[in-house]
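Naming: A, B, ... by sequence-line order, numbering from 1 per chain. Below, all heavy atoms of this structure are taken into account, side chains as well, without hydrogens, waters or symmetry copies.
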Protein chains: 2
Amino acid sequence: MSRVQLVVDRSDEAELRLGQLAGSLGFLFRVGQLEVFDNFFDQLGKSGLKPGEFSVLWVVHLNPGVRQGAVAEKLRIKRAHMTKLVRSFEEDGLIERTIPEGDRRGIELRLTRSGSAFVEDHAQEFFDYAQSETDRLSPDEAAQLIALLQKFTGLTPGS
Amino acid sequence: MSRVQLVVDRSDEAELRLGQLAGSLGFLFRVGQLEVFDNFFDQLGKSGLKPGEFSVLWVVHLNPGVRQGAVAEKLRIKRAHMTKLVRSFEEDGLIERTIPEGDRRGIELRLTRSGSAFVEDHAQEFFDYAQSETDRLSPDEAAQLIALLQKFTGLTPGS
DNA sequence: AGAATTTCGTTTACAAGGAAACAATTTTCT
DNA sequence: AGAAAATTGTTTCCTTGTAAACGAAATTCT
């Protein structure tokens, strides 16, 4: 008895066509970021460290007295949201807000002693992790990728 | 009468140090994505086109009958959220959901005639825009950046 | 000086997205 | 076959982030 077998070969979960989408910067950025953040939480989530929040503390650490609007603009956090972050840091005793004499609209941010301690405690693991993100690329490729991203975003380590 | 002028030279909004943060992939991805999306809405927002939503329609367009979980996984959309998107597309008459014979847990997605029309109407401008995103880089750099991102994310145009 | 505009942070009201528990189905393991 | 485990989509609740209108302060323009 002969049998005809229809082999559809969906390869099941196999291939899913993305077409031009896979060449779209916006999409690649999104996937890249989720990739990185997922790993981040897997590895550092336990220490209560969130990338966005740590970034704010880090920038205040490097720029004591900075106005919160300037941090928001640089880190691309909306001002409305920055208000919440900063207030919450203040409640946690990590950040100090002072209204400067010169311009009493703005608010200057500084780390408290406790905030400094937090940054110093976690900077190492944060940036060590940032380093390890690039493991899936060769060192050359990683350096190239970062350089291209910096050019694209207009960000440089210096400033 | 002589005057002493204290010049602090804050350069005002000038420089804000980011230190190692500017070399962190997660941060660069985030800024890159926001950069791209802001421009996207400036240019295409009027046509009611949202990048995430269009991406879903596009993938269904290229892979008729795909299960929604597969789309979610590939596009890195959480399944809970994909449910909402797909239901909303169904309400709008853009997508058809059918329960396949083989496995009645899953749901197969297909574009309706109206959904196909939408994708065909907007694919051009969507990907034209995606192309224009790279304007701030040279063509070589853009190609390199995309290739590196594809390698990093494990995504390739083919599949 | 005084009115109009701009800047800065805040508030409120909402949208986007995620975590966890769940029901229905299928698969695996005895 | 039948119990245990895994898969798939859904629901509910919650967190994160945004938009828009606002008040206070500073700046600009007569």
Side-chain angles (χ1 to χ4, degrees), chain A residues 10 12-13 16 26 30-31 33-35 37-42 45-46 48-56 60 65-92 95-109, chain B residues 10 12-13 16 26 30-31 33-35 37-38 40-42 45-46 48-56 60 65-91 95-109:
Chain A
R10 305 247 307 277
D12 253 34
E13 300 304 342
L16 204 160
R30 177 169 184 281
V31 173
Q33 183 187 340
L34 291 173
E35 191 80 23
F37 280 27
D38 282 359
N39 292 344
F40 184 92
F41 286 117
D42 286 351
K46 43 204 167 196
L49 197 57
K50 297 184 190 177
E53 296 178 0
F54 180 80
S55 299
V56 171
V60 176
V66 69
R67 278 176 304 99
Q68 74 181 49
V71 177
E73 189 184 1
K74 197 73 170 189
L75 300 189
R76 289 241 172 207
I77 295 168
K78 291 287 180 298
R79 278 172 348 193
H81 185 40
M82 181 62 80
T83 294
K84 297 176 193 169
L85 290 176
V86 168
R87 294 293 189 154
S88 145
F89 285 141
E90 191 184 28
E91 277 181 23
D92 296 346
I95 274 192
E96 230 177 35
R97 312 183 322 129
T98 60
I99 297 178
E101 283 310 302
D103 182 341
R104 293 189 314 186
R105 289 170 306 182
I107 291 185
E108 294 185 347
L109 303 181
Chain B
R10 305 248 306 277
D12 252 36
E13 299 304 342
L16 205 160
R30 177 169 184 281
V31 173
Q33 184 188 338
L34 290 174
E35 190 80 24
F37 279 27
D38 282 359
F40 183 92
F41 285 117
D42 284 352
K46 42 202 169 197
L49 198 57
K50 297 185 191 176
E53 296 179 359
F54 181 79
S55 300
V56 171
V60 175
V66 68
R67 277 176 305 96
Q68 74 180 50
V71 177
E73 189 183 1
K74 197 73 169 190
L75 299 189
R76 291 247 176 200
I77 295 169
K78 290 288 180 299
R79 280 178 343 207
H81 185 40
M82 182 62 80
T83 294
K84 298 172 195 170
L85 289 176
V86 168
R87 294 295 188 153
S88 145
F89 285 141
E90 192 184 29
E91 276 180 24
I95 273 192
E96 232 177 34
R97 312 182 323 126
T98 61
I99 297 179
E101 284 309 302
D103 182 340
R104 294 187 316 184
R105 288 170 306 183
I107 291 185
E108 293 184 348
L109 303 180

message: For the NZ atom of B:Lys50 and the CZ atom of B:Phe40, what is their distance to the nearest 0.5 Å?
response: 11.0 Å

message: I need the residues from residues 75-86 of chain B with at least one non-hydrogen atom less than 4.0 Å from DNA chain D; give them sorted by number, or say none.
response: B:Arg79, B:Ala80, B:Thr83

Set of side-chain hydrogen bond (donor to acceptor under 3.5 Å, both in side chains) partners for A:Asp92, sequence neighbours left out: none

task: Strictly below 4.0 Å, heavy-atom distances to any atom of DNA chain C: list the hits from residues 100-107 of chain B, or just say none.
output: B:Gly102, B:Asp103, B:Arg104, B:Arg105

- prompt: What residues, two or more places apart in sequence or in another chain, satisfy side-chain hydrogen bond (donor to acceptor under 3.5 Å, both in side chains) together with A:Glu53?
  reply: none

- prompt: To the nearest 0.5 Å, how far apart are CG in A:Leu16 and CZ in B:Arg67?
  reply: 9.5 Å

- line: To the nearest angstrom, the CG-P distance between B:Asp38 and D:dT18 comes to 9 Å

- prompt: For the pair made of CZ in A:Phe89 and P in D:dT16, what is the distance, rounded to whole Å?
  reply: 11 Å

- prompt: Can you name the one residue among A:Met82, A:Glu73, A:Glu108 that meets side chain to side chain contact (heavy atoms under 4.5 Å, CB included) with A:Gln68?
  reply: A:Met82

- prompt: Taking atom P of D:dG9 as reference, at what distance in whole Å does atom CD1 of B:Ile95 sit?
  reply: 13 Å

- prompt: Quick one: CD1 on B:Ile107 to OG1 on B:Thr98, what's the gap to the nearest 0.5 Å?
  reply: 8.5 Å

A:Lys50 NZ to D:dT15 P, straight-line distance once rounded to whole Å: 9 Å

- request: Send over the distance from B:Phe37 CZ to D:dA19 P, rounded to a whole Å.
  value: 14 Å

- prompt: Quick one: side-chain hydrogen bond (donor to acceptor under 3.5 Å, both in side chains) partners of B:Arg104, sequence neighbours excluded?
  reply: none

statement: A:Phe37 meets the ring-ring contact (aromatic ring centres under 6.0 Å, His included) criterion, sequence neighbours left out, with none

- line: A:Phe89 meets the ring-ring contact (aromatic ring centres under 6.0 Å, His included) criterion, sequence neighbours left out, with none

- request: List for me each residue that meets side-chain hydrogen bond (donor to acceptor under 3.5 Å, both in side chains) alongside A:Glu90, sequence neighbours excluded, and say none if there are none.
  value: A:Arg97

- request: Would you mind reading off the distance between A:Glu73 atom CD and C:dG9 atom P, rounded to a whole angstrom?
  value: 11 Å

- prompt: D:dG9 C1' sits how many Å from B:Arg97 CZ, rounded?
  reply: 9 Å

message: Taking the axis from the first five pairs and the axis from the last five, what angle separates them in the helix from C:dA1-D:dT30 to C:dT30-D:dA1, rounded to 10 degrees?
response: 30°

query: According to the side chain to side chain donor-acceptor pair (under 3.5 Å) rule, which pairs have a member within residues 76-88 of chain A, sequence neighbours left out?
result: A:Arg76-B:Glu35, A:Arg76-B:Asp38

message: I need the CD-C1' distance between B:Glu53 and C:dG17, as an integer number of Å.
response: 13 Å

